[in-house]
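Structure record follows, encoded as structure tokens.
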There are 2 protein chains.
Amino acid sequence: MASIKKDINWETKVIELLKEKKLSITVPRKMIIRLLLKEHGPFSAEEIYNKLPKNTCDQVTVYRCLNQFVETQLVTPSYFEKEMVLFEFNDPHHHHHHIICKICKKIDSFHDCILNKIETSLAKKGYKDIQHRLEFIGVCGACQNS
Amino acid sequence: MASIKKDINWETKVIELLKEKKLSITVPRKMIIRLLLKEHGPFSAEEIYNKLPKNTCDQVTVYRCLNQFVETQLVTPSYFEKEMVLFEFNDPHHHHHHIICKICKKIDSFHDCILNKIETSLAKKGYKDIQHRLEFIGVCGACQNS
DNA sequence: ACTAAAAATGCAAATGAGTTGCAAATATAT
DNA sequence: ATATATTTGCAACTCATTTGCATTTTTAGT
């Protein structure tokens, strides 16, 4: 009973999100968004595909959906390394960043957002040899009228 | 005369850098480092290959060299998008970050390094709809003794 | 609801940046 | 100068992601 109710709530929430972004409501889209809401990644496209119930959809569909979600900013991609794009639900109320271990590749996240504060907080967590990558993405003056 | 002298200086500087990183001195390595010192990227592996004088080396060698340079931190990679890794000489005295235009993909760089300051400075430069990606890379506690 | 038009999906095939194996060439150390 | 180790070129390969097209599902209009 409780779980049915809970699923109905997920369904409603997910449909709302898709409508907000003007994306049509399809089974694969709903399943992927629900997964990303329930489990907090970041996950690769392949991990997402594997986490979906068998026969939910083709792997190609996962790629297509994720691309659309990124375009509509429903989902945020992180580019840690070559061939390592990880996706996460984009919740503006839980803005955060990640740290990846160079060796074991485990990813941890933190909610600080000023660089020096961050480095201190990461050092306290036991990380050594910390580097960072900071990239901004925007629309330049020249492209604003096109 | 002046240009020969200048080239000799480049040669010396480049050899010094390679030795510092304990990399053997080869023609392709020297050429790639010299290019990255002379022109400030960031450049893709392909761009680098094309900028090298014809027949300097194979494209595979460019990939191999760049990977070694990244490993030894002689060069810094930026991951703006999937399949878009850009390389730059890593000069600790000119620490900076980039902004890419979502539309035209032109890359600009800036030297501020506190997030709010940065966003203000980018807005002054005329960018709109600014997002950022900040990732940290380090060695976690568990991996420090392995 | 019913139907036509639009959009999304599955499958198979293609793409393409980056990697790998191996023999030949080059660099390093003694 | 010679032996050993490293790097390079070439060709073939890999593998995540994309694309084309026929089929299915969704949406919007009546």
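In what follows, chains carry the letters A, B, and so on, assigned in the order in which the sequence lines appear, proteins first and then strands, with residues in each chain numbered from 1.
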Original post:
Any side-chain N or O of A:Thr26 under 4.0 Å from OP1/OP2 of C:dA7?
Top reply: no
**OP:** Let me know the distance between NZ of B:Lys22 and P of D:dT7, rounded to the nearest Å.
**Re:** 14 Å
Subject >> Centroid-centroid under 6.0 Å between B:His98 and B:His96 rings >> reply: yes
Subject >> d(CD, A:Gln59; P, D:dT19) in whole Å >> reply: 16 Å
Original post:
Separation of A:Tyr79 atom OH from C:dA17 atom C1', in whole Å?
Top reply: 16 Å
Original post:
Of the nucleotides D:dC10, D:dT7, D:dT17, which has the atom closest to the B:Gln68 side chain?
Top reply: D:dT7
**OP:** Could you check how far NZ of B:Lys30 sits from P of C:dT26, rounded to whole Å?
**Re:** 13 Å
Original post:
On DNA chain C, nearest-nucleotide positions of B:Val60 versus A:Arg29: which is more 5'?
Top reply: A:Arg29
**OP:** Please check the phosphate of D:dG9 (OP1 and OP2 only) for any side-chain N or O of B:Thr61 closer than 4.0 Å.
**Re:** yes
**OP:** Starting from P on C:dA27, measure out to CG on B:Leu23 and report it in whole angstrom.
**Re:** 14 Å
Original post:
Please give, in whole Å, the distance from C:dG16 C1' to B:Glu46 CD?
Top reply: 10 Å
Original post:
Atom CG of A:Asp58 to atom P of D:dT23: distance rounded to whole Å?
Top reply: 17 Å
Original post:
Start at the 5' end of DNA chain C and walk down; is the nucleotide closest to B:Ser24 or to B:Met84 reached first?
Top reply: B:Met84
Subject >> Minimum-distance nucleotide to B:Tyr63 side chain [options: C:dA17, C:dT9, D:dC10] >> reply: C:dA17
Original post:
Between CD1 of B:Ile15 and CG of B:Leu23, what distance do you get to the nearest 0.5 Å?
Top reply: 13.0 Å
Original post:
OH of A:Tyr49 versus C1' of D:dC15: gap in Å, rounded?
Top reply: 16 Å
**OP:** Could you work out which one of D:dC10, D:dT17, C:dC11 sits closest to the side chain of A:Val85?
**Re:** D:dT17
Original post:
Quick one: the side chain of B:Arg64 and the base of C:dG18, do they pair up donor-acceptor inside 3.5 Å?
Top reply: no
**OP:** Answer yes or no: does a side-chain N or O of A:Asn67 lie under 4.0 Å from OP1 or OP2 of D:dT18?
**Re:** yes
